[in-house]
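To keep things clear, I will list the structure first and then write my remarks on it.
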Amino acid sequence: MPPPEVLQQQFPLTPTEARLPYWLGKERNLHDLAAICGFSYETGRNHLKNIYPPMWWR
């Protein structure tokens with residue numbers, strides 16, 4: 001997984017949106033990331049919905 005900075009350069013992502021796939025790819029879970037980064041689990045889910053296409057959320 002490329003670092004968040006590279007993801008932001010290649011895709012229209014916010015800094016938080018760029019960090020999520022990076023850390024999830026390093027076997028962190030969303031609950032841990034929410035606690036570490038200071039956002040709620042639901043906010044993290046919303047960020048992931050902005051990143052991944054709707055077909056992933058069926």
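The model shown is predicted, which means the values in this text are computed figures rather than measured ones. Residues: numbered from 1 along the sequence shown.
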>> If the condition is side-chain hydrogen bond (donor to acceptor under 3.5 Å, both in side chains), which residues does T43 pass it with, not counting sequence neighbours?
In response: S40
> NZ of K49 to CD of E42: how many Å apart, nearest 0.5 Å?
Replying inline: 7.0 Å
>> Less than 4.5 Å apart, side chain to side chain, heavy atoms only: is that true for L13 and L20?
In response: no
> Does a side-chain heavy-atom distance below 4.5 Å link I36 with R28?
Replying inline: yes
> Any side chain to side chain donor-acceptor pair (under 3.5 Å) pairs touching residues 2-11, not counting sequence neighbours?
Replying inline: none
> Does N46 have any side-chain hydrogen bond (donor to acceptor under 3.5 Å, both in side chains) partners at least two apart in sequence or in another chain, and if so, which?
Replying inline: none
> Going by the ring pair (Phe, Tyr, Trp, His ring centres under 6.0 Å) test, which pairs reach into residues 4-32, not counting sequence neighbours?
Replying inline: H31-Y41
> If you round to the nearest 0.5 Å, how far is OG1 of T14 from CG of N50?
Replying inline: 8.0 Å
> Does P21 reach the side chain of I51, with side-chain heavy atoms less than 4.5 Å apart?
Replying inline: yes
